[in-house]
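Quick notes on the structure that follows.
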There are 4 protein chains.
Amino acid sequence: MRILFVGDVVGNPGRKAVKEIIPKMKRELKIDFCIVNGENSAGGKGITYVAAQEIYKSGADAITMGNHVWAKNEILSFIESEGRIVRPANYPCDLPGKGSIIIGSENHKIGVLNLMGRVYMDAIDCPFKAAERELEYLKSFARVIIVDMHAEASSEKCAMAWYLDGRVSCVLGTHTHVQTADERILPCGTGYITDVGMTGPYEGIIGVDKDIIIQKFLKHIPVKFDLARGSTQFNAVVLDIDEKTGKTLKMERVFKIINHQ
Amino acid sequence: MRILFVGDVVGNPGRKAVKEIIPKMKRELKIDFCIVNGENSAGGKGITYVAAQEIYKSGADAITMGNHVWAKNEILSFIESEGRIVRPANYPCDLPGKGSIIIGSENHKIGVLNLMGRVYMDAIDCPFKAAERELEYLKSFARVIIVDMHAEASSEKCAMAWYLDGRVSCVLGTHTHVQTADERILPCGTGYITDVGMTGPYEGIIGVDKDIIIQKFLKHIPVKFDLARGSTQFNAVVLDIDEKTGKTLKMERVFKIINHQ
Amino acid sequence: MRILFVGDVVGNPGRKAVKEIIPKMKRELKIDFCIVNGENSAGGKGITYVAAQEIYKSGADAITMGNHVWAKNEILSFIESEGRIVRPANYPCDLPGKGSIIIGSENHKIGVLNLMGRVYMDAIDCPFKAAERELEYLKSFARVIIVDMHAEASSEKCAMAWYLDGRVSCVLGTHTHVQTADERILPCGTGYITDVGMTGPYEGIIGVDKDIIIQKFLKHIPVKFDLARGSTQFNAVVLDIDEKTGKTLKMERVFKIINHQ
Amino acid sequence: MRILFVGDVVGNPGRKAVKEIIPKMKRELKIDFCIVNGENSAGGKGITYVAAQEIYKSGADAITMGNHVWAKNEILSFIESEGRIVRPANYPCDLPGKGSIIIGSENHKIGVLNLMGRVYMDAIDCPFKAAERELEYLKSFARVIIVDMHAEASSEKCAMAWYLDGRVSCVLGTHTHVQTADERILPCGTGYITDVGMTGPYEGIIGVDKDIIIQKFLKHIPVKFDLARGSTQFNAVVLDIDEKTGKTLKMERVFKIINHQ
Ligand SMILES: [Fe+2]
Ligand SMILES: [Fe+2]
Ligand SMILES: [Fe+2]
Ligand SMILES: [Fe+2]
Ligand SMILES: [Fe+2]
Ligand SMILES: [Fe+2]
Ligand SMILES: [Fe+2]
Ligand SMILES: [Fe+2]
């Protein structure tokens, strides 16, 4: 089974890139399923109903989130009824939304699990405990399990991968918006990359206009973030997974730059 | 001019990899100068006189540091007289050691500048201001200037690169111990990568034994860190720099795995 | 019922002050029970078996802890069998030790609950959820419930107090080592103070030698902490609690300075 | 000389309390000068021109700020021409506004210095270095020097007090919004308190509606802060300073609750 996982889609430029590239890749590379991290897809922070629909139309089968999941207030009105959005499973259990879902077809089921780190981030529940709890459930339905570990610290993402090695198909880091070059398959078959990267403005700083960020660092005066203009990058990984064992056989990074004018 | 920059060398495994690989690469790729981040070279934290000598013997022309620069107390006894060690320039100005140095030969001078980020790290002086101050000095001696920006947050490293674009040859991120795949040459000629990565144990978590780190995350009980055993990774970048302009012409990542048994 | 709660006891000076003052206060003020925060009682960090015995001998009926609970390794060998030590209830549930205990005599039972904040501290489990869970249990045994909320941020401690108002006898903040002047009884009868303060060296900075701390702030070089010498302070609160309702009727701060030479 | 220093004034309730209490205290206690921390005076975050005028009219001779100094954009338009507002001196030196000012009359000059901590706060310049620089200047004009050290960590505020002991009249902590009970005069004559406290809503959590803050801790969903309703607290210190030596002779906390319905 071939899966395409796309890193944090940022704003309109990110959604455009997704619309342009996913259908083509699905066709050309015979992608079976596509999962997209959409925590920044609406204006750079959070997601709206409209942004989610746009991402589905581009070919995504599921959307994972992260620390910005609640940034757009309206998500509270649709996340419960949305079967294809997963938000970090270690948010308090009384929050709306699901931490893991099953997607795919009858004979090709895929578990999708979203977790969030706590190092340098909001102190929510333990992602390791949450992973145990969700896997208990997912395991009875799916052998292929994709984990989006949304975290800042490389050590926490890497620890999760080793912790789940052999129990999930892959642990894919997101959040730093910078793709890492350390993709590998761990000894027991779990694919791992510290960060898939970002799909959004290429000429900025993690998607944001570079002059704004530089001024922020120089002056420490609060600023309004605007997305950067110019080219767009598309960051993703393509995974070949053995459906019988759930193990990752092959893993390849994708780093495309488009709209270069 | 061709320069090899090696990411955070961790402990004995890291130093061994350096000894094995640097001389060969220098020969085969005709490397002119080699710079090594050595902040973890002694036992995983800090540097000792002996570890520094070992790194020089392996072919390094300069050693950059980071937040662990003061971890081994003995550095206070030799950093002042050590002409080839640079520590983050934005530590308070009355601390021993230099934040930038000139290396190379008469007609091939290279400025080496070490900076440290402040996001999720110790709150020292402004790295942007420190860069301005050090560049003022370096510019009169060298056209080629290599910057090691040791920082946690991708945004801060990237901001430094854009801030210095056209004024230094490259801004090379270090500290996360995970190599990133975003190497590029910015519009005005400054080479940039968010993190060069780590040279040290491959079968661990940022160099440390994985079971120790996992237990730390699960239990939150203080632990003594041990380096991981097994294979070793060597992470670096090779830069081709135009000596006349100081601009980076080409930049290539190196990710080797050795001692695989 | 009159209860004496003593703020973070720091090292030998703190234990000496406890030995000198608690017995006298118990006698003079007719204290019924005494609870002591002992997270810094052994050398300034953590607790040992010997330090705990010394505190009991001085008249403490229970010892609460905090983020330094695991600092001395030996605690792992005795915390399980120790009936009078409580450690933050929101540490992962598979860790040794208890998050709440019942002390007192047959007809005068007191629940003691220890919680830890997460703002600017280690990201453990939710203290609010942990409080609910422990209270469920404690409520069936005791009407009088003393909560030690060990936290850095004033907002988190105050939020816990309002959250538990009417359900526990008091929420007493610890950890900053500075006594606050905001003691009050909330509308539903829960006594609250943001921080009880510290029992330890008076001539230092939160117990530590002042020159060491100042050098740390000036130079950012790691240092070994030594306790300050000179006078000692004793920080505590005395609570009068209605045993029938569990409500706090009166609450008084204690700030003594002793051994002034 | 008798000085009244008022802790963080929060929003409309805070400004009302200031208007009601300062004139009366000035009269009754023969206060010579009054300084007010106004970083939260406009709506709970930042200051506006109108809020500043209101505070002056209530009897303040100077306004100190803190980490919220830039929260209301309009401050950039008037801070330069405002002779009586001081903002933390360790913000980058090219920012508008002054880090220290001289107030008072010909023969009764008072230096007012504002500093900000960096522990758990934004990483700006070193407050200790900034203090040295500003004192150099202030010392030639005034013997009486009031320092508002706006910081989160008790250790950093206390370190500043010991660092400046004998060189300034007092170091008054602000920012936590909770008054501490540790006021003292250090051996060389500098008055110190870890936090003067807050002047604003009494029935909330650091001024904010308590239900909002509790929900924030329980759910981790971003919320809009509203000020709490009900009674208001007025937190301040009164200092008696020897004008000849600049030393603090006496220091008294003020904690009033008003508008109790
Ligand atoms: Fe993101
Ligand atoms: Fe994120
Ligand atoms: Fe490192
Ligand atoms: Fe580092
Ligand atoms: Fe403590
Ligand atoms: Fe503590
Ligand atoms: Fe404030
Ligand atoms: Fe503040």
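In this text, all values refer to a predicted model and were calculated from it rather than measured experimentally. Proteins get letters first, then strands, A, B, ... in listed order; numbering begins at 1 in each.
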Side chain, backbone, both or neither: which part of A:E152 has a non-hydrogen atom closer than 4.5 Å to chain B? both
Chain B interface, residue from A:R253, A:K216, A:R184 that has the most non-hydrogen pairs under 4.5 Å: A:R184
Decide if atom NZ of B:K256 counts as having more than 12 heavy atoms of other residues, nucleotides or ligands within a radius under 6.0 Å. no
Just checking A:K139: does its NZ atom have more than 12 heavy atoms from other residues, nucleotides or ligands closer to it than 6.0 angstrom? yes
Could you check which of A:V119, A:V178, A:L218, A:I206 has the highest count of heavy-atom pairs closer than 4.5 Å to chain B? A:V178
Only heavy atoms, only distances under 4.5 angstrom. Which residues in residues 157-167 of chain A are near chain B? A:C158, A:A159, A:W162, A:Y163
Quick check on A:K45: does its NZ atom have over 12 non-hydrogen neighbours (other residues, nucleotides or ligands) under 6.0 Å away? no
From NZ (A:K219) to CZ (B:F128), nearest 0.5 Å: 13.5 Å
With a 4.5 Å cut-off on side-chain heavy atoms, are A:F217 and B:C126 touching? no
Check whether any side-chain heavy atom of B:D182 lies under 4.5 Å from a side-chain heavy atom of A:F255, and answer yes or no. yes
Atom CD of A:E252: over 12 foreign heavy atoms under 6.0 Å: no
Is chain B contacted by the side chain of A:E156, its backbone, both, or neither, given a heavy-atom distance below 4.5 Å? both
Measure the spacing between CD of A:E203 and CG of B:L186 and express it to the nearest 0.5 Å. 9.0 Å
Answer with side chain, backbone, both or neither: which region of A:H220 has an atom nearer than 4.5 Å to a non-hydrogen atom of chain B? side chain
Does the A:T176 side chain pair with the main chain of B:S154, one donor and one acceptor, at a distance under 3.5 Å? no
Could you tell me whether A:K16 atom NZ has more than 12 heavy atoms of other residues or ligands within 6.0 Å of it? no
